[in-house]
There are 2 protein chains.
Amino acid sequence: MSEQIRPSLRAEPARPSPTLEDLARAAGVSRSTASRAINGGSRVSPEAQAAVDDAVIALGYTPNRAARSLVTRRTSSIALVINEPDARVMMDPFFAAVITGVTEALRETDMQLVLLMSRAGGDPSRTVRYLRGGHVDGAIVVSHHKADGWTEELAASGLPTVFIGRPWDTALGIHYVDVDSFQGARLAALHLAAAGRTRLGTVTGPLDMTAAADRLAGWQAGLREAGLPQGPVAHGDFTAAGGTAAADLLLAQDGRLDGIFAASDLMARGAILAVQSSGRAVPGDVAVVGFDDHLPAPGELPLTTINQPMVEIAAEAGRLLLADIEDPGAGRDPVIYPARLVVRASSTPQAD
Amino acid sequence: MSEQIRPSLRAEPARPSPTLEDLARAAGVSRSTASRAINGGSRVSPEAQAAVDDAVIALGYTPNRAARSLVTRRTSSIALVINEPDARVMMDPFFAAVITGVTEALRETDMQLVLLMSRAGGDPSRTVRYLRGGHVDGAIVVSHHKADGWTEELAASGLPTVFIGRPWDTALGIHYVDVDSFQGARLAALHLAAAGRTRLGTVTGPLDMTAAADRLAGWQAGLREAGLPQGPVAHGDFTAAGGTAAADLLLAQDGRLDGIFAASDLMARGAILAVQSSGRAVPGDVAVVGFDDHLPAPGELPLTTINQPMVEIAAEAGRLLLADIEDPGAGRDPVIYPARLVVRASSTPQAD
DNA sequence: ATTGGACATGGGAGCGCTCTCACGAGCATG
DNA sequence: CATGCTCGTGAGAGCGCTCCCATGTCCAAT
């Protein structure tokens with residue numbers, strides 16, 4: 001009775017989608033039963049269930065998410081908070097891996113991923129307000145900096161949250177997934193030492209990030225362990241250009257440097273460039289080790305690096321978040337993935 | 001009953017956030033007036049407005065999006081549909097640019113970006129169902145393939161939609177933003193011809209995408225215009241490895257090939273590799289032209305390419321979508337950005 | 001035969017918001 | 001002075017859903 005004498009094929013731009021009420025009527029049951037059937041169907045007779053299932057298909061019924069949210073207080077969406085000022089960081093394969101991993105974890109769920117470029121929008125508090133406003137069921141925070149300030153606020157808000165990369169203040173009991181940066185960097189030092197390199201320098205990431213700080217500490221520990229002097233340290237920003245600039249500084253401090261560990265692959269690429277344009281060869285004169293194990297661009301010198309399984313780490317963060325949303329009380333231990341040394345040509349003339 | 005005797009400092013995990021009712025009471029006005037004041041405040045006295053504004057700050061009020069959605073039938077979110085099977089395509093700088101651009105367009109809005117990896121989830125129809133289900137106010141579709149099938153369905157659903165890249169069936173009146181692929185490819189051909197190259201081949205993208213088809217057509221038109229033979233054509237898949245394989249084919253077909261146009265930068269990089277490993281030099285023996293104008297990785301041979309302003313294109317798609325959501329009826333012309341030739345070292349020994 | 005539990009069902013309230021409508025106050029118009 | 005407005009306001013309905021609770025039905029246990 002809702003269809004008019006309407007000659008056009010699709011003149012109705014917004015045919016109101018069927019409601020649960022409609023569905024129930026079509027299935028010959030009550031709204032309550034229809035609702036139960038839709039949601040897993042406990043306490044529903046097989047006949048009623050079948051009738052509802054058929055009606056769902058016949059009507060093309062989709063539950064109205066807003067209405068459902070309103071009463072359940074759940075939104076079926078989680079936020080991926082990318083905490084960098086410039087949206088251009090998206091170019092970093094790191095974030096691609098994160099998105100890939102999180103998407104993977106959400107695949108079988110009906111959860112949706114909301115992308116939140118927290119600092120790109122200008123107002124950082126807007127992000128917190130959004131997160132606290134109950135618009136999402138949980139959040140994954142990536143690329144956390146020391147001075148962000150809202151870590152505490154977020155932890156206090158009670159919103160299920162998982163960090164990718166250890167947050168600064170672990171006392172808050174925030175859940176996180178990380179790679180063992182310390183051990184990874186230590187392995188890099190030991191590897192270079194084992195390869196007979198003795199004058200070693202490092203290019204760090206921004207030290208307001210735990211990953212960068214841990215890698216520096218691990219590196220220094222490795223050098224100590226190998227009985228080598230600490231050597232020069234220069235600070236980069238996880239970009240290739242920053243790696244080049246930092247490596248230039250390193251080379252200026254020690255003209256006979258024979259090994260460099262950079263805290264990311266991108267910076268290692270930049271460092272190789274710096275070495276080469278100083279007239280020295282990689283790995284002949286200077287061995288270079290990175291951290292990440294991104295897929296190399298075609299034709300690039302294969303890079304010795306510390307592998308971190310970012311896609312898997314992000315997926316685990318996703319799973320952890322889902323679990324935390326299901327069962328908020330539970331304390332969950334951080335998940336730390338081991339870092340593996342992958343030896344390639346940039347540190348050993350004979351390798352691959 | 002779920003809370004144990006827990007001495008923790010912030011024991012209330014979910015203090016119910018204030019409702020409009022609370023806000024109205026605090027401001028000493030009615031719920032209606034509070035609502036009006038929140039939403040732009042027409043027909044609200046300055047005093048009432050001020051009282052509400054104060055109360056908002058005092059209570060930290062955030063409107064409940066679900067409740068609002070339920071009545072307004074708007075969700076304040078749009079979907080970015082990435083229509084590729086493998087989530088790993090995220091590694092392509094192309095998508096990074098798209099996300100950057102769309103985010104930019106949404107910056108001043110309270111719209112949120114929902115990421116939809118349409119084919120990665122396995123079930124493609126799930127995406128359509130989600131989109132038709134009224135969960136978002138609009139959609140931006142990127143990386144559209146000929147056989148997707150749901151273009152029509154989407155167009156018929158009445159959901160405001162903007163494609164990035166021309167859809168196959170423009171008769172449906174779908175809005176889109178694109179770069180002038182035809183002209184860009186034509187420019188590439190003319191450039192190579194002007195540089196004195198005469199034995200030219202091309203590496204195409206997947207021809208079930210309009211961008212790839214248009215570039216092939218433009219390339220062929222350019223050759224015709226320059227009075228050159230059509231030369232060999234090999235098909236790539238917009239990846240570097242695909243570019244290498246396709247270029248190998250090209251070189252096998254014509255051992256004296258002296259110029260290659262690849263329909264993307266990534267494929268051009270792959271093609272350069274193929275040329276070099278065949279023992280010939282770029283640009284000395286073979287000039288290579290790409291399409292995209294991505295930022296080059298450090299140390300790479302500067303690539304002559306066709307610039308397409310992807311960030312801007314994506315931002316325009318975002319703006320177009322917002323406009324279409326505001327005012328659904330309006331027919332909007334496609335926006336086509338010009339493609340610019342950027343000459344660098346890969347095609348001219350003396351350049352940059 | 002009587003009780004009682006397990007189970008399937010439907011009625012109704014209510015989540016937090018917007019929006020229509022009616023109302024009174026204030027003002028200019030006839 | 002009556003009439004028609006514009007304007008600010010509040011009451012109330014209702015968006016589509018879930019969930020609590022009351023009701024009805026059937027079968028095992030007494």
Side-chain angles (χ1 to χ4, degrees), chain A residues 2 14-53 55-56 59-77 110 130 132-137, chain B residues 1-2 14-53 55-56 59-77 110 132-137:
Chain A
S2 75
R15 170 165 34 98
S17 48
T19 72
L20 187 60
E21 194 75 53
D22 300 333
L23 183 73
R25 203 176 315 121
V29 299
S30 76
R31 201 175 64 247
S32 305
T33 302
S35 174
R36 264 177 242 121
I38 294 280
N39 300 297
S42 73
R43 273 176 165 40
V44 175
S45 68
E47 304 82 57
Q49 182 73 53
V52 172
D53 289 346
V56 165
L59 299 185
Y61 173 76
T62 329
N64 180 315
R65 234 173 164 111
R68 180 178 279 179
S69 283
L70 184 55
V71 42
T72 59
R73 267 99 218 303
R74 301 250 308 225
T75 63
S76 290
S77 64
D110 73 333
Y130 182 79
R132 302 196 58 156
H135 303 313
V136 291
D137 295 339
Chain B
M1 62 293 223
S2 76
R15 168 166 34 97
S17 49
T19 72
L20 187 60
E21 193 75 53
D22 301 333
L23 184 73
R25 203 176 315 120
V29 297
S30 75
R31 201 175 63 254
S32 308
T33 302
S35 175
R36 263 176 240 122
I38 295 281
N39 300 297
S42 74
R43 273 180 167 37
V44 176
S45 67
E47 305 82 56
Q49 182 72 54
V52 172
D53 289 347
V56 165
L59 299 186
Y61 173 77
T62 330
N64 180 316
R65 234 176 165 109
R68 179 178 281 180
S69 282
L70 186 54
V71 41
T72 58
R73 265 98 219 301
R74 301 252 307 224
T75 63
S76 291
S77 64
D110 73 334
R132 301 196 58 156
H135 304 311
V136 291
D137 295 339

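Keep in mind that what you see is a predicted model, and the values were worked out from it rather than measured. Every chain is numbered from 1, with letters handed out A, B, ... down the list of sequences.
B:Leu70 has its CG atom 12 Å from the P atom of C:dC19, to the nearest Å. Between the CG atom of A:Asp22 and the P atom of D:dC15 there is a distance of 11 Å, rounded to whole Å. Spacing between atom CG of B:Leu23 and atom P of C:dT18 amounts to 11 Å, rounded to whole angstrom units. Atom-to-atom, CD of A:Glu47 to P of C:dC7 comes out at 16 Å; the value is rounded to the nearest Å. Here the C1' atom of nucleotide C:dG16 and the CZ atom of A:Arg74 are 19 Å apart, to the nearest Å.
Scanning both residues, B:Asp137 and B:Arg73, for their nearest heavy atoms gives OD1-O, 4.4 Å.
Residue contacts for A:Ala66: at a heavy-atom cut-off of 4.0 Å it reaches no nucleic acid atom on any strand shown. Heavy atoms of A:Ser32 sit under 4.0 angstrom from at least one base atom. As judged by a 4.0 angstrom heavy-atom cut-off over every strand, A:Arg68 is placed among residues touching the sugar-phosphate backbone only.
The shortest distance between the side-chain N/O atoms of A:Ser30 and the OP1/OP2 oxygens of C:dG10 is below 4.0 Å. Phosphate proximity of C:dC19 to B:Ser35: absent, as no side-chain N or O sits under 4.0 Å from OP1 or OP2. When the side-chain nitrogen and oxygen atoms of A:Asn64 are compared with OP1 and OP2 of D:dC15, none of them lie within a distance under 4.0 Å. Contact annotation: A:Tyr61 side-chain N/O to D:dC17 OP1/OP2 distance is under 4.0 Å.
Between the side chains of A:Asn39 and A:Arg68, a donor-acceptor pair is found at a separation under 3.5 Å.
Going from atom OG of A:Ser69 over to atom CG of B:Asn64 covers 8.0 Å, rounded to the nearest 0.5 Å. Atom OG1 of B:Thr62 is separated from atom CG of B:Leu23 by 10.5 Å, given to the nearest 0.5 angstrom.
The side chain of B:Arg73 sits closest to D:dC15 out of D:dC15, D:dC17, D:dG8. For B:Arg43, taking side-chain heavy atoms from C-beta onward, the closest of the listed nucleotides C:dC17, D:dG16, D:dT9 is D:dT9. Comparing C:dC17, D:dT18, C:dA8 by their closest approach to the side chain of A:Thr72 singles out D:dT18.
Applying the 3.5 Å distance criterion, the base of C:dG10 shares a donor-acceptor pair with the side chain of A:Arg36. Contact of B:Arg31 with C:dT18 (side chain to base): a donor-acceptor pair of N or O atoms is detected under 3.5 Å.
Along DNA chain C, the nucleotide nearest B:Leu20 and the nucleotide nearest A:Thr33 are compared for position; the residue whose nucleotide lies closer to the 5' end is A:Thr33.
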